[in-house]
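Presented below is the structure to which this report refers.
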Amino acid sequence: MYPSTRSDREQWITEAHYNLFNLKSQQVFIDLLTDSGTGAMSQEQWSALMSGDESYAGSKSFERLRETITSLTGFPYVLPTHQGRAAENVLFSVMVKEGHVVPGNAHFDTTKGHIEFRKASAFDCTIDAATDTSLYHPFKGNLDIGKLENVVQVYGKERIPLIIVTITCNSTGGQPVSMENLRAVREFADTHGIPVIFDSARFAENAYFIKVREKGYQNRSIREIIREMFSLADGMTMSSKKDGIVNMGGFIAMNSQALFREATTFNIMFEGYITYGGMSGRDMAALAQGLEEATTFGYLESRIKQVHYLGGLLREAGIPVQEPFGGHAIFVDATRFLPKVPCEEFIAQTLAIELYLESGVRAVEIGTLLADRDPDTRENRYPKLELLRLTIPRRVYTRTHMDYVAAALQNVYRRRNKITSGYKIRYEAPIMRHFTVELEKIT
Ligand code: F0G
């Protein structure tokens, strides 16, 4: 929140065991840990809060939310949940069983966690271009249909309960999936009779990229593009904390009444009654309004251009970043930034710590810590990309903040050759370790 000195930050990061999740927000100057739940609500959303109907069943606020979601996506059945991972928990409780294989494009960590927790496995079928940060491809979130085909050949379609398409694909850099690719996945899924679910946290940003990058969509409205995207899926999970621009919330929406009925039981057990699912009426009212705002071109353009402004500054400074820039964040290629730090010493985490020490800017590691250990061998999984994510909250920071972040990272870049060692683990949880891991500096 406030500027601090380097010696303050040295003390705080040591006390935090070199895990930036352990820092207090007061110890952070600019917080780029996540865009999740960190956006600023508009005055219309705040006024919607005041109209919240807190009826246990059948509240007006739920009705408005359901109507908004159905009109945006076309899905008639909606179940609110308290956040995105809760939506995954409810839906996977119905769909994912031990021994199943769930292909997708670089599943988000909670998604993979909920799959592996059920003794099933997640299979990454993202196109190879996604892992070459210097290569231009307008849709690095795309799935490789050949890889999907291979999963079906090896495991058989009976073991594949669903295909998950994450729009935009967070783990490869907030990278979009093209309409052409969504269509190809749909055709593939229809051939094999496998349902397609979109992990939709940043669906509006995905629609923006289709409009500005995909041939034939320039004159289509964001709303039309969203409708077409979701016409290619059987259902969706949603973390409303991103493109819903609320601080908390999520939902599932789907076409099938049978699936809805099965999911309601788990929703009632884990989340709450089917017309609130862990959300207050007022929060559902603010979410309905947020979804309306997030699906306008004007909002999306100013949001994504701010992210790209930061990316442009870093690129000009010669800092290696995932290109083209994605929607919610700029992803720095930590392996190219710090070539002297060995991968066993957590390169992207080392860079996150250096940036914090330099400037009080908190970013997040998307690398080996996040990738966890292989559930069978317990060996570290080394992902193809070691990334530092500079995640931009919605409607919070100004261009001057972006200038500060870029200058800070440039300072670290200038002394990069002096950074030759990283960290080792002193404590880790068995799954999703990056949130609570404790590290020690290697000297
Ligand atoms: N799916 C995607 C693509 C996500 O990015 C997230 C969360 C979730 C699902 C889970 O949603 O947090 O509401 O439970 N991403 C945040 C991030 C945490 O920082 O990228 P949640």
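Keep in mind that what you see is a predicted model, and the values were worked out from it rather than measured. Both ligands and their constituent atoms are indexed starting at 1 by order of listing.
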With sequence neighbours excluded, tell me which residues meet side-chain contact (heavy atoms from CB on, under 4.5 Å) with K305.
-> Y208, E301

Might you list the protein residues in contact with ligand 1, defined as having a heavy atom under 4.0 Å from one of its atoms, sorted by chain and number?
-> T34, S36, Q83, G84, R85, E88, F108, T110, T166, N170, D199, R202, S239, K241, K242, R389

Those residues at least two apart in sequence (or on a different chain) that pass salt bridge (Lys or Arg N to Asp or Glu O under 4.0 Å) with R394 are D35, E205, D243

Which residues share a side-chain contact (heavy atoms from CB on, under 4.5 Å) with A184, sequence neighbours left out = I145

Hey, are N170 and H328 close enough side-chain-wise for a donor-acceptor pair under 3.5 Å?
-> yes

Between R118 and V96, which heavy-atom pair has the shortest distance, and what is it?
-> CD-O, 3.5 Å

Side-chain donor-acceptor pair under 3.5 Å between R9 and S4, yes or no?
-> yes

